[in-house]
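These notes concern the structure reproduced below.
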Amino acid sequence: MFLEVTQAKYLDNYRLLLTFNNGVCKTVDLQNELTGSAFAPLKQLDYFRNFQIKYNTIEWENGADYAPEYLYEIGV
């Protein structure tokens, strides 16, 4: 089965609560994962909070996203 993010909720700072299609919920903290030019705008919390689920993962307006497998791996 391919992992997919089915629900996402902003918690605080750079933390999100994600639900995956296998029923597992994980909290991911992306504060230290915002490297590279595509993720630079996400360092502003107002921008970071404005995400959507698209193509089975979370994505921001500028097209920045993370693979669902990566989010699952770093989540707790």
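The basis for the numbers below is simple: all heavy atoms, side chains too, and nothing from hydrogens, waters or symmetry mates. Since the structure is predicted, the reported quantities are computational estimates derived from the model, not experimental observations.
The number of heavy atoms from other shown groups lying within 6.0 Å of CD (E69) is above 12. Annotation: Q52, atom CD; neighbour count of heavy atoms from other residues, nucleotides and ligands within 6.0 Å is above 12.
Using a distance-only test at 3.5 Å, with no hydrogens or angles considered, a donor-acceptor pair links the side chain of Y14 to the main chain of K43. Although no hydrogens or angles enter the test, the distance criterion places no donor-acceptor pair under 3.5 Å between the side chain of K9 and the main chain of L17. Side-chain atoms of T57 never come within 3.5 Å of backbone atoms of A67 as a donor-acceptor pair (strictly under, hydrogens ignored). At distances below 3.5 Å, not a single donor-acceptor pair connects side-chain atoms of N62 with backbone N or O atoms of P41. Side-chain atoms of N13 never come within 3.5 Å of backbone atoms of R15 as a donor-acceptor pair (strictly under, hydrogens ignored).
Of the inter-residue distances, the one linking N32 atom CG with I74 atom CD1 reads 9.5 Å to the nearest 0.5 angstrom. Atom CG of L16 sits about 6.5 Å away from atom CG of L11, to the nearest 0.5 Å. Here the straight-line distance linking atom CD of Q31 with atom CZ of F48 works out to 9.5 Å at 0.5 Å rounding. The CG atom of L3 lies 11.0 Å from the CD atom of E73; values are rounded to the nearest 0.5 Å. Rounding to the nearest 0.5 Å gives a distance of 12.0 Å between CG of L42 and CZ of R49. Going from atom CG of N22 over to atom OG1 of T6 covers 8.5 Å, rounded to the nearest 0.5 Å.
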**Item:** CA sep, side-chain torsions, deciding dist, call: Y47, E61, side chain to side chain contact (heavy atoms under 4.5 Å, CB included)
**Value:** CA-CA 9 Å; Y47 195 93; E61 188 176 278; 3.6 Å; yes
**Message:** Please determine whether side-chain hydrogen bond (donor to acceptor under 3.5 Å, both in side chains) holds for the pair E33 and Y70, giving the CA-CA distance in whole Å, both sets of side-chain angles, and the decisive distance to 0.1 Å.
**Reply:** CA-CA 11 Å; E33 309 302 320; Y70 179 72; 2.2 Å; yes
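Remark: aromatic rings of W60 and F39 are distant, center separation not under 6.0 Å.
Geometric assessment of K26 against the ring of F20 yields a negative cation-pi assignment under the 6.0 Å and 45° thresholds.
Across all non-hydrogen atoms, the minimal contact from A8 to L18 is CB-CD2, 3.5 Å. The two residues A38 and A64 come nearest to each other via the heavy atoms O-CB, 3.6 Å. In plain terms, the two heavy atoms of P68 and N56 that are nearest each other are CG-O, 3.7 Å.
For the pair L30 and L71, the minimum side-chain heavy-atom distance is below 4.5 Å.
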